[in-house]
Number of protein chains: 2
Amino acid sequence: MDMLTDADPHAEKGTVTQLRAFLAQSDLSEEGRLPPERELSAALGVSRAELRKALDVLEAEGQIWRHVGKGTFMGSRPLDTFADITALARRSNPAEVMRARIVIEPEIARAAAFTATPADIAEMRLCLARSRQADSWRQYEGWDTRLHRTIAEATQNGLLLGLFDTLNAVRRAVTWGRLRALPVKPAPDHHSFKEHESIVDAIEHRDMAGAANLMRNHLRTVERKLLDKQLRASEES
Amino acid sequence: MDMLTDADPHAEKGTVTQLRAFLAQSDLSEEGRLPPERELSAALGVSRAELRKALDVLEAEGQIWRHVGKGTFMGSRPLDTFADITALARRSNPAEVMRARIVIEPEIARAAAFTATPADIAEMRLCLARSRQADSWRQYEGWDTRLHRTIAEATQNGLLLGLFDTLNAVRRAVTWGRLRALPVKPAPDHHSFKEHESIVDAIEHRDMAGAANLMRNHLRTVERKLLDKQLRASEES
DNA sequence: TTGGATACCAATTTCATTTTGGTTTATATT
DNA sequence: AATATAAACCAAAATGAAATTGGTATCCAA
């Protein structure tokens, strides 16, 4: 510690300026990460405690940000990337999910009617056919989900698709522990079949208003059925 | 392999039915994962190659899906859900963000017109006043963002709010390196002021259609201005 | 009382190992 | 000769132990 001989008596302030100089001349990696505290304190010839005080100052100024286990970085702390599905699901419920779907999905269908490619529509038709052939609810739901997602894909908007996926992930997480009694497979006259087909028809015909309205009505029907099921279940118990 | 003595000559078909029976009687884990091929082939008393042929059939039927390193699962292949803001932002662009806002926010405003509480509306009015008083673009944007978020809050739907926040986070991440030249503060006759006020008015009057239309027009104006700015900037360069 | 060294904690990363579906090759078996 | 089986190998993914890192408490000395 030969540096202590010419150390500034105002130790803190001196360390801050020393640190600033170090950061200015050192070219950090692309991530803007600076050396771990243990190394940096040795390099600057100060104790780790004193270095941390200086880092506290820079952090308060917004020059750096730190995180346990990750390190210390230049710039401002990255955005809270909390598109945390599980957190959203924990605060939500099936009713909210349905309302959100009714708000968003009709407009997605409207946009898709404008931008869908023939390939998109072919995939939608495939989903329709497979959902009719399904011989279990699990399969049916798989193709139903895929149909709705294909419609979102058809908007050609990656962000809209991402939001749809988020909504969908929350839906699955929320509906997760649902009641699965009842028949083993959807009846051939299940309401969704015709509704799905008319939606795809509207999209194919570039009927934006029709696609939106049909999707809205479809989801409202689903919501009603869901509500009926819940009521019946609660009466039985 | 003593089983070879009574093995079906139509080996493939027999294995498929055998496999179907196994899957029907065995209650798989919650994830619907079935045993690894090496175990399953031993359990069924068939070679791994033959088992894989049977699995190929089931996969073609959409009964199962497989992935290297993960395993084999019942149902249809899950969607890859990247709810990561930064990942979303990297694949998106300002134009997509605006289109997504135009798709989603009008419907949020419509829903808010139905569910907003007096407290919500009071907060919207506060945002309006503060945005008018703002003496820097940064401040103005802060209140503008908060106004739009308050409208999303007014839907009383945590999931919708979460989706809005995601959209907003992507917007900030995408617009991050934008050109910020131009005047120091919004002009008193900035178009957004009147548009914002009419939106809040519509929400207060429970005018759902009006709220949606006004929000849509507002965002379209913003989109147009943004486009003009980009054009001018590209001409200068 | 203050500052520095040390030890410890929990979040995170890193790295080697294992597991898994997919593919190739050699070896029987008919 | 043709086919099927077993074994080996590959790359993607999961797993788990160990190391790293910012944060905190403790002890010691000046």
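Each chain gets a letter, A, B and so on, in the order its sequence line appears, and its residues count up from 1.
Of the residues B/V46, B/I64, B/L34, B/L51, the one that meets the side-chain contact (heavy atoms from CB on, under 4.5 Å) test with B/L19 is B/L51. Checking each of A/R101, A/R110, A/H148, A/E107 against A/M215 for a side-chain contact (heavy atoms from CB on, under 4.5 Å) leaves exactly one that passes, namely A/H148.
Between the side chains of A/S47 and A/R52, no donor-acceptor pair is found at a separation under 3.5 Å. In this structure, a donor-acceptor pair under 3.5 Å is present between the side chains of A/T117 and A/D120.
Atom pair B/L40:CG and C/dG22:P shows a separation of 13 Å (rounding to whole Å applied). Separating the CH2 atom of A/W65 from the P atom of C/dA11 is a distance of 17 Å, rounded to the nearest angstrom. The nearest whole Å value for the distance from the CG atom in A/L51 to the C1' atom in C/dT6 is 17 Å.
When atom types are taken as modelled, the side chain of A/E59 and the backbone of A/W65 share no donor-acceptor pair closer than 3.5 angstrom.
Of the charged side-chain nitrogens involved, none lies within less than 4.0 Å of a carboxylate oxygen, so that A/R171 and A/E96 do not count as a salt-bridged pair. Ion pairing of A/R125 with A/E197 is absent here, as no side-chain N (NZ or NE/NH1/NH2) approaches a carboxylate O to less than 4.0 Å.
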(message) For a quick check, with a 4.0 angstrom heavy-atom cut-off, what is the B/S/- contact string for nucleotides 25-30 of chain C, read 5' to 3'?
(response) ------
(message) Treating primed atoms plus P, OP1 and OP2 as sugar-phosphate and everything else as base, which nucleotides of nucleotides 14-30 of chain D get B, S or - for protein heavy atoms under 4.0 Å?
(response) S------BBBB------
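In this structure, CZ in B/R130 is found 4.5 Å from CH2 in B/W143, a value given to the nearest 0.5 Å.
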